[in-house]
Amino acid sequence: MSKTTTASDSGSVSRDIDSASAPRTVGGSRAFGLLLVITGAAGLLAAWVITLDKFKLLEDPNFTPGCSINPVISCGSIMKSDQASVFGFPNPMLGLAAYAVVICVGMSLLARATFPRWYWLTFNAGCLFGVGFVTWLQFQSLYRINALCLWCCLAWVATIIMFWYVTSSNIRNDFLPVPRWLKSFFEDFTWALPVVHVGIIAVLIFTRWGDKLWA
């Protein structure tokens with residue numbers, strides 16, 4: 001005895017096929033969204049303050065930024081360096097745009113938005129560029145410019161945290177293929193990676209200057 005397929009059945013099958021063939025989209029937890037908003041806001045604040053001080057320094061070469069505390073913690077020395085405008089314009093202007101994007105992504109997650117794999121990988125690539133760039137700036141600050149900027153340090157920490165958590169999210173959602181043991185590590189110990197990363201930078205800073213930081 002044959003079974004007659006009705007129009008409604010056909011429509012249901014069609015929707016099932018479309019749903020199965022559609023690219024998977026993924027959002028994030030409320031905690032992840034808040035983390036992106038907070039780290040993005042911290043980086044944006046640092047970029048904004050440095051940008052304002054840079055403009056003041058251009059107007060008055062004798063201007064001393066408020067975060068210039070001693071010869072080591074000297075934002076002015078950083079701003080006057082060639083490395084502070086590596087792309088032909090002040091670095092913090094790049095941060096103004098990049099950290100604003102991070103905040104927008106975080107707010108979207110809080111609104112329960114979901115995004116496809118290509119979006120998350122593109123976002124991850126941007127975070128990778130960011131952490132690579134701040135690593136280069138850290139080296140330049142410690143061993144070439146010989147000065148430290150506290151606002152820059154805030155941006156460094158914010159970038160490091162967002163990079164590791166975005167990478168962790170992509171690994172846990174199988175957007176980045178990794179061995180099972182590594183995926184399990186990211187599921188349980190993501191927090192350890194930014195802690196160790198920032199800790200290494202802190203050790204390098206104290207090794208480089210020691211008591212001179214407080215002189």
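Along the sequence shown, residues are numbered consecutively beginning with 1.
- For the residue pair Thr25 and Pro116, the shortest heavy atom distance occurs at CG2-N, 3.9 Å.
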Between Ile69 and Leu150, is a side-chain contact (heavy atoms from CB on, under 4.5 Å) present by the stated rule, with each step listed?
CA-CA 10 Å; Ile69 300 174; Leu150 295 180; 4.0 Å; yes

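- Here the closest non-hydrogen pair linking Leu44 and Ala100 is CD1-N, 4.5 Å.
- The CH2 atom of Trp151 lies 12.0 Å from the OG1 atom of Thr51; values are rounded to the nearest 0.5 Å.
- Residues Val26 and Phe175 are in side-chain contact: their nearest non-hydrogen atoms beyond the backbone lie under 4.5 Å apart.
- Separation of atoms OG1 (Thr114) and CZ (Arg112) is listed at 11.5 Å; rounding is to 0.5 Å.
- Ring geometry for Phe185 versus Phe189: interplanar angle of 30 to 60°, hence tilted.
- Phe123 is listed as a side-chain neighbour of Val102, based on a closest heavy-atom distance under 4.5 Å.
- Using modelled atom types, no side-chain atom of Arg172 and backbone atom of Glu187 make a donor-acceptor pair closer than 3.5 Å.
- Donor-acceptor pairing under 3.5 Å is lacking for the side chains of Arg117 and Asn173.
- Counting only heavy atoms from C-beta outward, the side chains of Ile50 and Cys152 approach each other to under 4.5 Å.
- Phe87 meets the side-chain contact (heavy atoms from CB on, under 4.5 Å) test with Phe89, Asn91, Leu94, Phe129, Phe133; sequence neighbours excluded.
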Apply the test side-chain contact (heavy atoms from CB on, under 4.5 Å) to residues Leu148 and Cys153: give CA-CA distance (whole Å), side-chain angles for both, the deciding distance (0.1 Å), then the verdict.
CA-CA 8 Å; Leu148 198 63; Cys153 290; 3.9 Å; yes

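- Proximity of Phe163 to Asn124: side-chain heavy atoms (C-beta onward) are separated by under 4.5 Å at one or more points.
- Looking at Asp211, Thr207, Leu213 one by one, the single match for side-chain contact (heavy atoms from CB on, under 4.5 Å) with Trp209 turns out to be Leu213.
- For the pair Ser168 and Thr190, the tightest heavy-atom approach, listed with the atom from each and the gap, is OG-OG1, 2.6 Å.
- One finds the OG1 atom of Thr167 at 7.0 Å from the CG atom of Leu128 (value rounded to the nearest 0.5 Å).
- With hydrogens and angles left out, the side-chain atoms of Arg180 and Ser184 include no donor and acceptor closer than 3.5 Å.
- Using a 4.5 Å cut-off on side-chain heavy atoms (C-beta onward), Tyr165 and Pro194 make contact.
- Around atom CH2 of Trp136, more than 12 heavy atoms belonging to other residues, nucleotides or ligands sit under 6.0 Å away.
- Taken together through direct or relayed side-chain contacts under 4.5 Å among Ile, Leu, Val, Met, Phe, Trp and Tyr, Leu109 and Ile38 form parts of separate hydrophobic clusters.
- To the nearest 0.5 Å, atoms CZ (Phe186) and CH2 (Trp181) are separated by 9.0 Å.
- In this structure, Ser85 contributes its side chain and Gly88 its backbone to no donor-acceptor pair below 3.5 Å.
- Within the 4.5 Å cutoff, no side-chain heavy atoms of Ile78 are placed close to those of Gln83.
- Summarising the geometry of Leu35 relative to Met162, their closest heavy-atom pair is CD2-CA, 4.4 Å, with the distance given to 0.1 Å.
- With a 4.5 Å cut-off on side-chain heavy atoms, Leu182 and Pro179 count as touching.
- Nearest heavy-atom pair across Met79 and Asp53 is CE-CB, 3.4 Å.
- Phe115 and Trp120 have perpendicular rings, their planes meeting at more than 60° on a 0 to 90° scale where under 30° would count as parallel.
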Step by step, would you call Cys75 with Cys149 a disulfide bond (SG atoms under 2.5 Å apart)?
CA-CA 5 Å; Cys75 297; Cys149 169; 3.2 Å; no

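- Leu154 and Met93 are members of different hydrophobic clusters when ILVMFWY side chains are connected at heavy-atom separations under 4.5 Å.
- In this structure, Ser68 contributes its side chain and Thr64 its backbone to no donor-acceptor pair below 3.5 Å.
- Under the 4.5 Å side-chain heavy-atom criterion for ILVMFWY residues, a single connected hydrophobic cluster contains both Trp164 and Ile103.
- Rounding to the nearest 0.5 Å gives a distance of 8.5 Å between CD1 of Ile145 and CG of Asp82.
- One N or O on the side chain of Ser141 and one on the backbone of Ala147 form a donor-acceptor pair closer than 3.5 Å.
- When the side chains of ILVMFWY residues are joined at heavy-atom separations under 4.5 Å, either directly or via intervening members, Val166 and Val195 end up in a single hydrophobic cluster.
- Atoms CG and NZ, from Asn146 and Lys212 in turn, are 9.5 Å apart once rounded to the nearest 0.5 Å.
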Kindly determine whether Val196 and Trp191 satisfy side-chain contact (heavy atoms from CB on, under 4.5 Å), including the steps that lead there.
CA-CA 9 Å; Val196 171; Trp191 60 269; over 6 Å; no

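- Cluster membership for Ile200 and Val203, using ILVMFWY side-chain heavy atoms within less than 4.5 angstrom, is not shared.
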Derivation and outcome, side-chain contact (heavy atoms from CB on, under 4.5 Å), residues Ile160 and Ile201
CA-CA 11 Å; Ile160 289 168; Ile201 297 169; 3.4 Å; yes

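- Contact annotation: the side chain of Tyr99 never approaches that of Leu45 to less than 4.5 Å [non-hydrogen atoms, C-beta and beyond].
- Residues Lys54 and Pro90 share a closest heavy-atom pair of CG-CG, 4.1 Å.
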